[in-house]
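Here's the structure, in structure tokens; my notes come after.
This structure is a prediction, so every number in the text was calculated from the model and none was measured.
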Amino acid sequence: MLTLILADAELELIPQKIWGHPAVVAYTKRRKKKARICLLDATYHHSAMRNLEDGGRRGRPDIVHFFLLLALDSILNQEGGLRVAVHTRNDEIIEVNPETRLPKHYERFVGLIESLYDMGAVPSKKDPLLEIRYGVRLKDYIDEIREDEEIIAMSPSGEKRQLGRIFPKKGDYIVIIGGFPEGDYRSPVYEIADRSVSIYDGMLKVWTVVSEVIGDYERLG
Ligand SMILES: C[S@@+](CC[C@H](N)C(=O)[O-])C[C@H]1O[C@@H](n2cnc3c(N)ncnc32)[C@H](O)[C@@H]1O
């Protein structure tokens, strides 16, 4: 089994500090929704985000969307060999049922995640496909789910491994991938992981790394 965790993902509701900013007011008016129940999104809120700490990397639900589409639609997941979870910058954990069929359309995905924040689980608490838990640090989540898997952190500054050699041998692994567009992990990922691995001399997009990791694991057979 491969467990993929998108860590420190830049997914959050619009912070109160910028609810009154004209870019946010215009956005929420257009969507006919209160700011406190809308996701922060750099595409629409970048001018307001200059007033936020780490404003240059926050508000990236699109990264989470791509990550989940790639992972859930993979052959590995169809065959029951994949578990995925998202850990956010505010220490929330989103657990994902492998049978979830996510909306391909981005705006519909955003609506779904806003419902998740609102209700705690979607489509229902009784039979959830996505469930959110609050105040769970990455290390605590991994301690909870880990059996005897090796933990690998993907990082451009990690130990260089050729493609096809991310995994030393067949087995169970937990792989951590950063869910942010720039900067480094905020969580103590290099302390949590047994090793960190780079697959290229340079920075790759999250979705490129996800597809290479899944492909490498599938080829282990
Ligand atoms: C867009 S990058 C974040 C960029 C950041 N400057 C960094 O150094 O990680 C997001 C994530 O993709 C993964 N990643 C990006 N480039 C990589 C590489 N060359 N090798 C392995 N993982 C990589 C890492 O997990 C990283 O946290």
Side-chain angles (χ1 to χ4, degrees), residues 1-11 60 63-64 66-100 130-133 135-221:
M1 169 77 73
L2 173 66
T3 302
L4 271 186
I5 303 177
L6 190 70
D8 297 321
E10 292 295 357
L11 186 75
R60 296 298 304 270
I63 294 179
V64 179
F66 272 120
F67 167 77
L68 290 176
L69 284 179
L70 273 168
L72 293 171
D73 285 343
S74 65
I75 296 171
L76 186 64
N77 190 51
Q78 315 295 323
E79 298 289 317
L82 184 66
R83 165 168 64 172
V84 286
V86 176
H87 163 266
T88 73
R89 73 153 34 233
N90 291 324
D91 283 335
E92 295 138 351
I93 295 283
I94 298 174
E95 287 177 314
V96 184
N97 182 319
E99 286 173 19
T100 306
L130 303 181
E131 198 160 13
I132 189 164
R133 292 162 54 197
V136 188
R137 289 176 304 174
L138 182 66
K139 181 174 184 325
D140 297 337
Y141 178 65
I142 290 178
D143 285 347
E144 194 184 295
I145 61 164
R146 185 182 193 182
E147 290 175 9
D148 55 1
E149 300 96 329
E150 185 175 348
I151 303 176
I152 298 176
M154 300 306 293
S155 165
S157 55
E159 166 202 338
K160 188 75 199 299
R161 288 260 167 174
Q162 283 175 341
L163 283 177
R165 293 171 189 265
I166 298 175
F167 302 99
K169 58 178 174 18
K170 225 171 147 171
D172 297 326
Y173 294 89
I174 295 176
V175 174
I176 304 171
I177 299 175
F180 42 87
E182 61 177 54
D184 209 340
Y185 292 104
R186 291 158 45 83
S187 299
V189 165
Y190 303 113
E191 289 164 32
I192 296 169
D194 297 307
R195 58 199 178 88
S196 65
V197 165
S198 164
I199 50 171
Y200 181 68
D201 284 334
M203 201 176 78
L204 298 168
K205 302 279 191 217
V206 174
W207 40 90
T208 308
V209 179
V210 174
S211 57
E212 299 293 0
V213 168
I214 292 176
D216 251 29
Y217 192 81
E218 284 170 340
R219 283 187 285 274
L220 288 175

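- Counting non-hydrogen atoms of neighbouring residues, nucleotides and ligands closer than 6.0 angstrom, the CD atom of Glu144 exceeds 12 such neighbours.
- No more than 12 heavy atoms of other residues, nucleotides or ligands sit less than 6.0 Å from atom CG of Asp201.
- Minimum heavy-atom separation, Asn77 to Leu72: ND2-O, 2.8 Å.
- Residues satisfying the side-chain hydrogen bond (donor to acceptor under 3.5 Å, both in side chains) test with Glu150, not counting sequence neighbours, are Arg195.
- Taking 4.5 Å as the limit, some side-chain heavy atom of Leu130 sits within range of a side-chain heavy atom of Val96.
- Using a 30° and 60° split on the angle between ring planes, Tyr217 and Phe167 fall in the perpendicular class, above 60°.
- In this structure, Ile192 CD1 and Tyr141 OH are separated by 13.0 Å, a value rounded to the nearest 0.5 Å.
- Other residues, nucleotides and ligands place more than 12 heavy atoms under 6.0 Å from the NZ atom of Lys160.
- With Asp172 contributing its side chain and Met1 its backbone, the two residues share a donor-acceptor pair below 3.5 Å.
- Shown here for Ala71 and Leu4, the closest heavy-atom pair between the two residues is CB-CD1, 4.5 Å.
- Distance CG/Leu2 to CG/Leu220: 9.5 Å, rounded to 0.5 Å.
- Annotation for Ile75: atom CD1 does not count as buried by contact number, only 12 or fewer foreign heavy atoms lying within 6.0 Å.
- In this structure, Asn90 contributes its side chain and Glu92 its backbone to no donor-acceptor pair below 3.5 Å.
- Here Leu138 contributes atom CG and Arg186 contributes atom CZ; the two are 12.0 Å apart, rounded to the nearest 0.5 Å.
- Scanning both residues, Ala85 and Phe67, for their nearest heavy atoms gives O-CE2, 4.0 Å.
- Note that the CD1 atom of Ile145 and the CD1 atom of Ile5 stand 4.5 Å from one another [nearest 0.5 Å].
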Original post:
Step by step, would you call Ile132 with Thr88 a side-chain contact (heavy atoms from CB on, under 4.5 Å)?
Top reply: CA-CA 10 Å; Ile132 189 164; Thr88 73; 5.8 Å; no
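- Here Arg146 contributes atom CZ and Lys139 contributes atom NZ; the two are 9.0 Å apart, rounded to the nearest 0.5 Å.
- Between Leu6 and the choices Ile94, Leu68, Val64, the side chain to side chain contact (heavy atoms under 4.5 Å, CB included) rule is met once, by Val64.
- For the atom pair CG of Asp8 and OH of Tyr185, the computed distance is 8.0 Å after rounding to the nearest 0.5 Å.
- Here the closest heavy-atom approach between residue Ser196 and residue Gly158 is recorded as OG-CA, 3.4 Å.
- Heavy-atom minimum distance, Leu70 versus Ser211: CD2-CB, 4.3 Å.
- Put simply, the side chain of Glu218 gets close to the backbone of Leu76: a donor and an acceptor are under 3.5 Å apart.
- Looking at Glu159 and Arg161, a side-chain N of the basic residue comes within less than 4.0 Å of a carboxylate O on the acidic one, giving a salt bridge.
- Remark: Arg133 CZ is packed, more than 12 non-hydrogen atoms of other residues, nucleotides or ligands lying under 6.0 Å away.
- Across Ile177 and Met154, no two heavy atoms sit closer than the pair CG1-CG, 3.8 Å.
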**OP:** Given side-chain contact (heavy atoms from CB on, under 4.5 Å), test Ile63 with Trp207 step by step and report yes or no.
**Re:** CA-CA 8 Å; Ile63 294 179; Trp207 40 90; 4.2 Å; yes
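- For Ser155, the side-chain hydrogen bond (donor to acceptor under 3.5 Å, both in side chains) partners two or more places apart in sequence, or in a different chain, are Ser157, Tyr190.
- For Tyr200, the side-chain hydrogen bond (donor to acceptor under 3.5 Å, both in side chains) criterion is met by no residue, not counting sequence neighbours.
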